[in-house]
2 protein chains.
Amino acid sequence: MTRDTETSTTDRRSDRTKAAILRAARERFATQGYERTTIRAVASDAGIDPSMVMRYFGNKARLFDATLTIDLRLPDLTAVPTDELPQTLVRHFLKRWEGDPADDALLVLMRSAVTNEQAAARMHEIFAAQVAPALAAALGPELAAHRAGLVAAQLLGLGLTRYLLRLPAVTTLTPDEIEAGLAPAIQAVLDPN
Amino acid sequence: MTRDTETSTTDRRSDRTKAAILRAARERFATQGYERTTIRAVASDAGIDPSMVMRYFGNKARLFDATLTIDLRLPDLTAVPTDELPQTLVRHFLKRWEGDPADDALLVLMRSAVTNEQAAARMHEIFAAQVAPALAAALGPELAAHRAGLVAAQLLGLGLTRYLLRLPAVTTLTPDEIEAGLAPAIQAVLDPN
DNA sequence: ACTGTAGGCCAACATGTGTTGACTTTCCAG
DNA sequence: CTGGAAAGTCAACACATGTTGGCCTACAGT
């Protein structure tokens, strides 16, 4: 598509198609989930032959796996005052998702993790590696251990109902309304009493 | 299995196998979702031939549809004091799910609704027909209209993380801990301020 | 006993899928 | 120029799945 005469260090031709495959795969997995996404469709989106997908990623499961590299990009929660923590969280996820939910890897993952063990396992990893530590740093380890799960439940519940199920009662709310409604709820979960 | 010499009014032989198919289908759809559930597997579970499934239900989509008759069995929320409403809700859903999540139709539906339009539409119906009115009766229509979605998000978020994704941080909590942690959160969502 | 019908089984078809291997084209190093 | 590897295409295999239609079997009504 674009001119590419500028040869950046390692700019093999395969890198571009590999990237195109990944982009197409993310899109498909995101909108249709693992089972309904076909190698043929991904290849077609990427403008190449299905066998290329196999050459670069081995098989469907590994392609899927390559798709699931996720960085929640959580801000440093120790820098925010405790009482602003809930709204910071809600705002952070809303911001991520309001852009283009269809290619946010976290939603991709949610959609698949519900029926796919591999994806569910990856979800556990992400929670353990990113969410839990961030909350532990902000709240102290004991409290976080008991409450992090419920916080995740609330945030994922929002993602589920608004972006995957698209429940009208949730999609009609504005981001501001959601922030105003949900932040106090998360605050309540975090309150130690 | 059981003796059935007592012929209750309309006890055709087909009714039993039809019921067996439905039971098997619920179980499969619940644990594997729509796509990964095969007619052959359902038939095998029910101990009959795949073609029987077609005879009774026409096709896979209609079998699925027959599976989705859901009654949340929400208690009469007007009978509970407003400040006990959240814990009543949390307890109600926990009770339903703690029994055998695998054959609770609501979880079946959630699992499928994430990738299946038909199921998602049914989810909308159930929310509109059961959750929204119950909350409207207890809270008044205006408040309910703005908050019911977030309440649903929180309850479904619980179901998602605990029973579908099985996040350790949530599965390790006891029902009592969940009730104690989540009820105040829902209360916060309902607080009009 | 006879027969029609509902309940059930079997074998096959059509299709879509993941995956493979052989063949062609591109393109750069020597 | 030229050879050989990298990048890509093509056609097919093997298999699972939804679905169909023909056949068998039990059994209730006559």
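Model, not experiment: these values are computed from the prediction. In what follows, chains are A, B, ... by sequence order, proteins preceding strands, each numbered from 1.
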Q: Side-chain N or O of Thr38(B) less than 4.0 angstrom from OP1 or OP2 on dA16(D)?
A: no
Q: Nearest whole angstrom, please: distance from the P of dG8(D) to the CZ of Arg16(A).
A: 8 Å
Q: Is the Phe64(A) ring parallel, tilted or perpendicular to the Tyr34(A) ring (thresholds 30°, 60°)?
A: perpendicular
Q: Just how large is the angle between the end axes of the helix from dA1(C)-dT30(D) to dG30(C)-dC1(D), five pairs per end, to 10 degrees?
A: 10°
Q: Just checking Phe57(A): base, sugar-phosphate only, or nothing, at a heavy-atom cut-off of under 4.0 Å?
A: nothing
Q: Consider the side chain of Ile39(B), meaning its heavy atoms from C-beta on, and name the nucleotide among dT19(D), dT9(D), dA7(D) that approaches it most closely.
A: dT19(D)
Q: Set out, in order, the CA-CA distance, both residues' side-chain angles and the distance that settles side chain to side chain contact (heavy atoms under 4.5 Å, CB included) for Met54(A) and Asn59(A), then state yes or no.
A: CA-CA 5 Å; Met54(A) 307 304 292; Asn59(A) 57 34; 4.2 Å; yes
Q: For Arg122(B) and Asp65(B), what are the C-alpha separation, side-chain angles and deciding distance, and is it a salt bridge (Lys or Arg N to Asp or Glu O under 4.0 Å)?
A: CA-CA 9 Å; Arg122(B) 183 60 70 96; Asp65(B) 198 71; 2.9 Å; yes
Q: Spell out yes or no: do the side chain of Arg40(B) and the base of dG18(D) have one donor N/O and one acceptor N/O closer than 3.5 Å?
A: yes
Q: Tell me the interatomic distance from Asp15(A), atom CG, to dA6(D), atom P, rounded to whole angstroms.
A: 14 Å
Q: Could you state the CE-P distance from Met54(B) to dG8(C), rounded to the nearest angstrom?
A: 16 Å
Q: Apply salt bridge (Lys or Arg N to Asp or Glu O under 4.0 Å) to the pair Glu98(B) and Arg91(B), showing each step before the final yes or no.
A: CA-CA 10 Å; Glu98(B) 287 298 315; Arg91(B) 204 179 296 171; over 6 Å; no
Q: Counting only side-chain N and O atoms of Thr17(B), is one of them less than 4.0 Å from OP1 or OP2 of dG8(C)?
A: yes
Q: Please indicate whether His146(A) has more than 12 foreign heavy atoms, meaning atoms of other residues, nucleotides or ligands, lying under 6.0 Å from its NE2.
A: no
Q: For the pair made of CD1 in Ile48(B) and C1' in dA6(C), what is the distance, rounded to whole Å?
A: 15 Å
Q: Any chance NE2 of His92(B) has more than 12 other-residue heavy atoms, nucleotides or ligands included, within less than 6.0 Å?
A: yes
Q: Please report, rounded to the nearest Å, how far the P atom of dG18(D) is from the OH atom of Tyr56(B).
A: 19 Å
Q: Determine whether Ser51(A) and Asp49(A) satisfy the following criterion, side-chain hydrogen bond (donor to acceptor under 3.5 Å, both in side chains), listing intermediate values before the conclusion.
A: CA-CA 5 Å; Ser51(A) 59; Asp49(A) 190 88; 2.6 Å; yes
Q: By nearest atom, which of the nucleotides dT20(C), dG8(C), dA7(D) is closest to the Arg55(A) side chain?
A: dA7(D)
Q: Could you tell me the separation between the OH atom of Tyr34(A) and the C1' atom of dT17(C), rounded to a whole number of Å?
A: 12 Å
Q: Hey, does Ser51(A) reach any base, or is it just sugar-phosphate, or nothing, if we go heavy atoms under 4.0 Å?
A: base
Q: To the nearest Å, give me how far apart CD (Glu35(A)) and P (dT17(D)) are.
A: 11 Å
Q: Just how far, in rounded Å, is C1' of dA7(D) from CE of Met52(A)?
A: 6 Å
